[in-house]
Amino acid sequence: MGTAQASVGVIVVAAGSGTRLGYGLPKAQVPLAGEPILAHALRGVLAAGVAARICVAVPAGDTVLRKLCAGFAAQHPDVVISTVDGGASRAASVAAALRGLGDGVDAVLVHDAARALTPPEVFQRVAAALAAGARAVVPAVAVVDTIKTARPSTGAEADIAPEKVAATVDRAHLRAVQTPQGFDAAALARAHESLAGLGPGEADGITDEALLMERGGVDVMLVPGSAQALKITTQLDLAVAEALLAARQPRRIMEG
Ligand SMILES: Nc1ccn([C@@H]2O[C@H](COP(=O)(O)OP(=O)(O)OP(=O)(O)O)[C@@H](O)[C@H]2O)c(=O)n1
Ligand SMILES: C[C@](O)(CO)[C@H](O)COP(=O)(O)O
């Protein structure tokens with residue numbers, strides 16, 4: 001897009017069911033420090049100050065998250081905040097929100113509600129790289145574990161353990177990618193057109209939009225992500241997020 005004045009739309013995908021979290025509620029509704037996960041995610045987007053429009057994909061038929069978004073919209077009349085029904089896969093939810101965002105934005109940031117504590121600086125880094133001319137930008141962190149590939153054990157080995165190491169990967173070049181992922185709006189729309197007609201099973205393999213860009217031969221630039229942008233997937237992640245939020249509170253100074 002190449003100009004700092006470009007209009008940015010942010011998609012927040014919040015239509016997932018949260019099966020692995022196992023809370024019995026759609027994940028974006030699950031309370032984190034007393035508020036739905038989506039409320040934290042929206043506050044992060046708004047604090048970054050990069051969005052002219054925000055479109056949130058919520059579970060089809062949901063009224064709780066729609067009401068939450070309407071409350072944010074009332075408090076932020078300077079930003080157009082809308083909701084759409086999400087789809088059966090993350091990719092389908094992104095596609096629905098892309099349509100909901102409409103024309104008139106130069107760049108689109110796609111963000112997981114599940115990465116609810118992403119610091120505003122991460123949004124700003126992604127937006128700045130787009131403004132500097134990148135067509136696709138992803139926040140990333142280095143991988144800290146030693147990574148090995150596995151293959152099934154065979155014969156007598158299978159009685160000891162189901163898998164064995166196939167190889168150890170050189171982690172120097174490995175990056176764990178996060179959201180928000182930023183794209184030139186036209187390039188993202190074209191990439192998503194290529195998904196039309198995919199079944200839900202096939203769409204499940206599209207775990208992020210950067211993959212679509214890579215397939216289309218677009219260079220995907222990496223900017224620093226943040227450990228705080230963890231994806232709340234399991235109960236352990238929710239506990240970590242609670243602890244992170246508690247640590248963000250101004251500390252009380254005991255006097256006397
Ligand atoms: N059909 C879907 C599936 C996922 N998402 C969103 O995509 C992000 C990443 O998905 P994940 O964290 O894996 O969420 P869930 O699909 O809810 O998790 P699970 O697989 O445990 O059910 C989340 O913000 C989630 O709400 C979505 O909008 N629509
Ligand atoms: C987009 C993402 O958050 C980047 O790490 C991730 O790919 C989403 O994954 P999931 O398959 O929806 O859990």
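Model, not experiment: these values are computed from the prediction.
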Cluster overlap [X] with [Y], hydrophobic side-chain contacts below 4.5 Å:
X	Y	value
Leu38	Val80	no
Val240	Val141	no
Val79	Phe123	yes
Leu25	Leu42	no

List the atom of [X], the atom of [Y], and the distance in Å for their closest heavy-atom pair.
X	Y	value
Ser226	Val122	CB-CG2, 3.9 Å
Gly86	Ala15	CA-CB, 3.7 Å
Arg175	Ala140	CB-CB, 3.9 Å
Cys55	Val84	SG-CG1, 3.8 Å
Ala47	Pro120	CB-CG, 3.8 Å
Pro119	Ala229	CD-N, 4.4 Å

Under 6.0 Å from the [atom1] atom of [X], do we count more than 12 heavy atoms belonging to anything else shown?
X	atom1	answer
Asp78	CG	yes
Asp103	CG	no
Gln235	CD	no

Can you see whether Arg20 engages Thr233 through a side-chain donor-acceptor pair at a distance of less than 3.5 angstrom?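 There is no such pair between these side chains.
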Taking [X] for its side chain and [Y] for its backbone only, find out whether a donor-acceptor pair lies under 3.5 Å.
X	Y	value
Lys27	Ile232	yes
Ser93	Gly87	yes
His40	Leu32	yes
Gln124	Ala48	yes
Gln178	Leu230	no
Thr83	Arg66	no

Side-chain contact, heavy-atom cut-off 4.5 Å: [X] with [Y]?
X	Y	answer
Leu130	Leu109	yes
Val45	Pro180	no
Arg125	Pro139	no
Leu117	Arg248	yes

Got a sec, which residues hit salt bridge (charged side-chain N to carboxylate O under 4.0 Å, His left out) with Glu157, two or more places apart in sequence or on another chain?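 By the salt bridge (charged side-chain N to carboxylate O under 4.0 Å, His left out) rule, Glu157 matches Lys164.
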How would you list, by chain and number, every residue that makes a salt bridge (charged side-chain N to carboxylate O under 4.0 Å, His left out) with Glu163, sequence neighbours excluded?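 Expected list: none.
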Working to the nearest 0.5 Å, report the span between [atom1] of [X] and [atom2] of [Y].
X	Y	atom1	atom2	value
Asp208	Thr179	CG	OG1	9.5 Å
Arg90	Ile206	CZ	CD1	11.0 Å
Asp145	Arg171	CG	CZ	7.5 Å
Leu68	Ile81	CG	CD1	9.5 Å

Begin from the C-alpha positions of Leu46 and Ile54 and carry the test side-chain contact (heavy atoms from CB on, under 4.5 Å) through to its verdict. CA-CA 9 Å; Leu46 289 160; Ile54 300 172; 3.8 Å; yes
Running the 4.5 Å side-chain criterion over Ile, Leu, Val, Met, Phe, Trp and Tyr, what cluster does Val110 land in, apart from itself?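 Noted: Val110 shares its cluster with Ile11, Val13, Val94, Leu98, Leu101, Val105, Val108, Val138, Val177, Phe183, Leu188, Met213, Val218, Val220, Leu222.
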How is the hydrophobic cluster of Ile147 composed, in terms of its other members, when Ile, Leu, Val, Met, Phe, Trp and Tyr link through side-chain heavy atoms under 4.5 Å apart, directly or indirectly?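 Noted: Ile147 shares its cluster with Val143, Val169, Leu174.
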Which residues share a side-chain contact (heavy atoms from CB on, under 4.5 Å) with Ala186, sequence neighbours left out: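 Applying side-chain contact (heavy atoms from CB on, under 4.5 Å) to Ala186 gives Asp184, Arg190.
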Taking only residues two or more places apart in sequence or in another chain, which ones pass side-chain contact (heavy atoms from CB on, under 4.5 Å) with Asp170?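 Ala172, His173.
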Using a strict 4.0 Å threshold on nitrogen-to-oxygen distance, state whether Arg115 and Asp237 make a salt bridge.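 Between Asp237 and Arg115 there is no salt bridge, as every charged N stays at least 4.0 Å from the carboxylate O atoms.
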